[in-house]
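So the structure is just underneath, and the comments pick up after that.
Below, chain A is the first sequence line, B the second, and so on; all start at residue 1. What's counted below: heavy atoms across the whole structure, side chains too, no hydrogens, waters or symmetry copies.
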2 protein chains.
Amino acid sequence: MNRKITIIDVAKRAGVSKGTVDRVVHNRGEVSKKSEAKVRKAIEELHYEPNLYASVLAKKTDYVIACLLPEFSEGEYWEKIWRGFEAGGEQVSALNVTTRLTSFRKACAELLEAAPSGVVMPPLFKSDCIAFTEELRRRDIPYVYVDSKLEDDNYFAYYGMPMYKSGFLCAALLTERLREEEVDQVAVIRINRDKARQSDPTVNRRSGFMDYLAVNFPKCEVHNVFITPSDPKGTYATLDAFFKEHPGVKLVVMMSSRIHLIGRYLADHPIAGGRVIGFDNLEKNIALLQEGLINILITQRTENQSRYAVISLADRLLIGRMPARRDNYMHMDILTRYNQENY
Amino acid sequence: MNRKITIIDVAKRAGVSKGTVDRVVHNRGEVSKKSEAKVRKAIEELHYEPNLYASVLAKKTDYVIACLLPEFSEGEYWEKIWRGFEAGGEQVSALNVTTRLTSFRKACAELLEAAPSGVVMPPLFKSDCIAFTEELRRRDIPYVYVDSKLEDDNYFAYYGMPMYKSGFLCAALLTERLREEEVDQVAVIRINRDKARQSDPTVNRRSGFMDYLAVNFPKCEVHNVFITPSDPKGTYATLDAFFKEHPGVKLVVMMSSRIHLIGRYLADHPIAGGRVIGFDNLEKNIALLQEGLINILITQRTENQSRYAVISLADRLLIGRMPARRDNYMHMDILTRYNQENY
DNA sequence: TAATTTTCCGTGAACGGGCACGAAATTTCG
DNA sequence: CGAAATTTCGTGCCCGTTCACGGAAAATTA
C-alpha cells in the first residue's frame with residue numbers, strides 16, 4: 001500500500017546516500033549542485049516528509065526555552081499565563097525541548113550564564129524590556145511576546161488579546177439596548193499605580209472603550225475611580241464615597257483583571273438594574289459572576305497564549321517552521337453566569 | 001543534569017533486561033512476580049515514562065480510525081465537524097494513525113471489509129446507529145460520539161455541546177434586561193423534518209429554552225414557525241405571513257444551525273428593537289451578525305469536538321490512555337458583531 | 001605528473017523502545 | 001533422578017533520523 005516514504009527511498013531514487021539527502025533536507029551544505037538537484041527532485045516526486053519522531057529521537061541538541069513572567073501570587077492573572085507555560089512545556093518535553101520559568105527581574109542576569117535557545121515573555125517593564133530584547137537580537141535568540149507586545153521589528157511571534165477591541169466590546173456590551181438617557185454616567189474603576197515604574201497595561205483597552213462611548217453616547221460622563229489593591233478598607237471607603245456622591249451611576253467597568261477587588265463592596269451594595277463588566281476569568285471573578293454581582297466577564301483562553309507561544313518556538317527551533325501569523329490575536333469570550341461552567 | 005530516564009536505566013536498576021521491563025510496562029505477561037515487583041519499583045523510583053516517539057517509531061502496527069459523518073454540502077454545520085476530523089487526523093498521522101472519513105450510510109457495509117481500529121461518529125440515525133454500535137462492541141472496536149450521544153454503556157468518550165444548557169443560555173440572552181411585559185411573545189423558527197427517519201437534534205435544547213421561559217416569563221407565548229430549507233420562497237412567504245399576523249413578535253430564535261435561512265427575510269424586514277439569536281458559526285450566520293441582522297450566535301469550537309475525539313482515540317490505541325472525562329461538554333461561546341473577528 | 005588541498009559523499013553508530021527468537025531457569029511428571 | 005514441558009528472560013535486529021568520521025574524487029598547486 002502507501003508505505004511511508006523514508007529517507008532511504010529518496011536516497012535510492014536520487015542515487016546517493018541517506019547522508020547526502022539529510023544534508024540537503026537541512027541545508028547543511030557540503031553537497032554538489034548536481035547531487036542537490038537530484039535529491040530535491042526525488043523529494044518532490046516522492047512527496048517525502050521527514051518523520052518528526054525519528055528526527056527528534058536522533059537529534060542530540062537540547063533546547064531550552066526561557067519563559068519569563070513577573071512574580072505573582074495565587075489567583076492572579078499571571079497564574080494563567082504560568083499554567084500555559086507549563087502546559088506548553090509538557091507538550092514539547094518529549095521533543096528535547098525544556099522550558100524554564102523565570103521571574104522577569106532575574107532574567108537578564110541569568111541570561112548571561114545559561115544561554116537559552118528561545119525566550120517567551122510579556123514585555124512588562126518597557127525600558128528594561130527594550131534593552132533585553134536588544135541583547136537577544138544580538139545573540140540571535142528568537143523571542144515571543146505574550147499578553148502584549150512592543151513594536152520592535154524582531155519579535156518572532158505575538159500571542160495576545162486585541163486590547164483596543166476588547167475595550168470596544170466592553171462598551172458595546174455595557175450599553176447594549178440602552179437608550180441614550182440611560183447611558184449618562186459610567187464608572188471606570190482603576191488601579192493606583194506607581195507611574196514611574198509600571199506602565200498601565202490597559203491604556204489601549206481604555207481608549208477602545210472611550211472611543212465607542214464618544215461615538216455612540218457622546219454626552220456620557222465617565223468617572224474614574226482609583227483604588228489601591230493592597231488596601232481593601234480604603235477601597236471600600238472610596239467606592240462608598242463615590243456611589244453616595246453619584247447615586248445615578250449604574251454602569252460600572254474595570255479594565256484590568258481585578259474586578260474582584262470591588263466584590264466585597266458589591267456584595268453589600270448590589271447595583272440594581274445596572275450592569276457591571278470586568279475582564280479575565282480569575283476564580284474570584286467567576287465567583288462574582290455566579291453570585292450575580294457582576295454581569296459579564298470578557299475573557300480569553302489566557303493559558304493558550306503562553307502555550308501556543310512555547311509550541312511555536314519549539315517548532316521554530318526543531319524544524320524551522322514559522323508561525324502562520326506573526327501577530328496572533330486571541331478570540332474574546334463573553335462569559336455570563338449561564339455559560340461559565342465548562343469554560 | 002536531568003537526562004531523560006530510559007528503559008535501560010530502569011532495567012539496570014531492577015537488575016533485569018530491557019525486554020523484561022518492556023513486558024511489565026505493557027502488561028504482556030511472561031514475567032515472574034518477583035521481577036515484576038522489582039521493575040515496578042524501579043519505574044516508580046525513577047519516574048520512568050516511556051518515550052512516545054521512540055515507541056511509535058518502533059511499533060509496526062498501523063491504526064485506522066474511521067470518522068463517520070453524513071453527506072453535506074459546503075457551508076453546512078457538518079463541514080466544521082469534517083474540518084476537525086481532518087485536523088485531528090493530521091495531528092496523529094505521524095503516529096502511525098490514519099483517519100478515514102466515511103459517509104454514515106456506507107459505514108456498516110464498509111466495516112465488513114476494512115476493520116478499523118476505532119470509530120468516531122455522531123449518532124445520527126438512531127436505530128441504524130444502535131445496531132452499528134452493537135456490532136462494534138462485539139468486535140471490541142472502541143468508538144467515540146461527537147455532536148450528540150446515545151445513552152449506551154459502551155462508548156469510549158463523548159465530545160459535544162451541553163444541549164439543554166445551550167437552550168437555557170439562549171433564553172437568558174434573549175430576555176436579558178427585558179421587563180415581563182416585553183417578553184410576551186417569542187418566535188421559534190423550526191425545520192420541517194421527515195419525522196419517520198430524522199430525529200430532531202434540538203429537542204433538548206428546546207426544552208432548556210422552554211424551561212427558562214416557563215420559570216422567568218410564565219406568561220410568554222411561544223410561536224413555532226416551521227420552514228422548509230429546500231424551499232426559500234415558501235420560507236419567505238411563511239415568515240411574511242407570520243409576522244404580518246403577529247406584528248408584536250420582537251424576539252426570534254432558531255435552535256438549529258440554520259438561522260441563515262431567514263437571513264433573506266430579515267434583510268427586507270429587520271426586526272427593530274428586537275432580538276434575534278441563532279446557533280453555530282457558519283459563515284452565512286456570521287455574515288448576518290456582521291450586518292447586524294441578528295444579535296447573537298451561540299457557538300462552540302465545533303472542530304474541536306471532532307479533533308479531540310480523534311486524538312483521544314489515538315491515545316487510547318497507542319498508549320492505552322483513557323480520556324480524563326468520558327463526557328466532555330464543550331464551552332458555549334457568545335458571539336456578537338464585536339467579537340466575531342478572531343474566532 | 002605528483003603532491004596537496006578542498007570539496008563532496010558514504011558509512012555506521014547512536015537515539016529509545018518493540019518484539020521475535022531462542023536460551024536458560026523452573027516446574028511437572030514418569 | 002532425568003527428561004519433558006512450561007515459564008521466564010536476555011539478546012539483537014529494526015524503526016527513520018542525525019551527525020561525526022574518514023575516505024574518494026575533484027580541484028589546485030608545485
Checklist entry - So what does A:V56 touch, heavy atoms closer than 4.0 Å: a base, only the sugar-phosphate, or nothing? => result nothing
Item to check | B:D9, B:I5, B:V10, B:I7 screened by side-chain contact (heavy atoms from CB on, under 4.5 Å) with B:I43, the one that passes | outcome: B:V10
Item to check | Nucleotide nearest B:R28 when distance is taken to its side chain, options D:dC9, C:dG16, C:dC19 | outcome: C:dC19
Checklist outcome for this item: Separation of D:dT17 atom C1' from A:K4 atom NZ, nearest Å, is 15 Å
Checklist entry - Side chain of B:K18, base of C:dG18: donor and acceptor closer than 3.5 Å? => result yes
Next on the checklist: Side-chain N or O of B:T20 versus OP1/OP2 of D:dG10: is the shortest distance under 4.0 Å?
Outcome noted: yes
Item to check | Ionic contact status for B:K149 with B:D327, cut-off 4.0 Å | outcome: yes
Checklist entry - Using a cut-off of less than 4.0 Å, is there contact between a side-chain N or O of A:S17 and OP1 or OP2 of C:dG10? => result yes
Item to check | Stepwise ring-ring contact (aromatic ring centres under 6.0 Å, His included) check, A:Y143 with A:Y155 | outcome: CA-CA 6 Å; A:Y143 56 94; A:Y155 64 93; 7.3 Å; no
Checklist entry - Angle, rounded to 10°, between the helical axes spanning five pairs at each terminus of the helix from C:dT1-D:dA30 to C:dG30-D:dC1? => result 50°
Checklist entry - Looking at B:R138 and B:E135, does any basic side-chain N land under 4.0 Å from a carboxylate oxygen? => result yes
Next on the checklist: Between C1' on D:dG16 and CG on A:D9, what's the gap in Å once rounded to a whole number?
Outcome noted: 10 Å
Checklist outcome for this item: On DNA chain D, more 5' by nearest nucleotide between A:L57 and B:E36 is B:E36
Item to check | B:K12 NZ to D:dT11 P, straight-line distance once rounded to whole Å | outcome: 13 Å
Item to check | B:R40 bridged to B:E44 by N-O distance under 4.0 Å | outcome: no
Next on the checklist: Can a side-chain donor-acceptor contact be found between B:Y343 and B:D333 if the only test is distance below 3.5 angstrom?
Outcome noted: yes
Checklist entry - Ignoring hydrogens and geometry, is there a side-chain-to-backbone donor-acceptor pair from A:N304 to A:R301 under 3.5 Å? => result no
Item to check | Nucleotide of D:dG10, C:dG16, D:dT8 approaching B:S35 most closely (side-chain heavy atoms) | outcome: D:dT8
Next on the checklist: Using the side-chain heavy atoms of B:V16, tell me which of these nucleotides is nearest: C:dG18, D:dG10, D:dT17.
Outcome noted: D:dG10
Checklist outcome for this item: Between B:N51 and B:E30, the residue closer to the 5' end of DNA chain C by nearest nucleotide is B:N51
Checklist entry - How many Å lie between NZ on A:K34 and P on D:dA25, as a whole number? => result 13 Å
Checklist outcome for this item: From the candidates C:dG17, D:dT17, C:dG10, the one with an atom nearest any side-chain atom of B:A58 is C:dG17
Checklist entry - For the side chain of B:R23 and the base of C:dG18, is some donor closer than 3.5 Å to an acceptor across the two? => result no
Checklist entry - Could you give the NE2-to-P distance, from A:H26 to D:dT17, as a whole number of Å? => result 9 Å
Checklist entry - Between B:S32 and A:A54, who's closer to the 5' end of DNA chain D by nearest nucleotide? => result B:S32
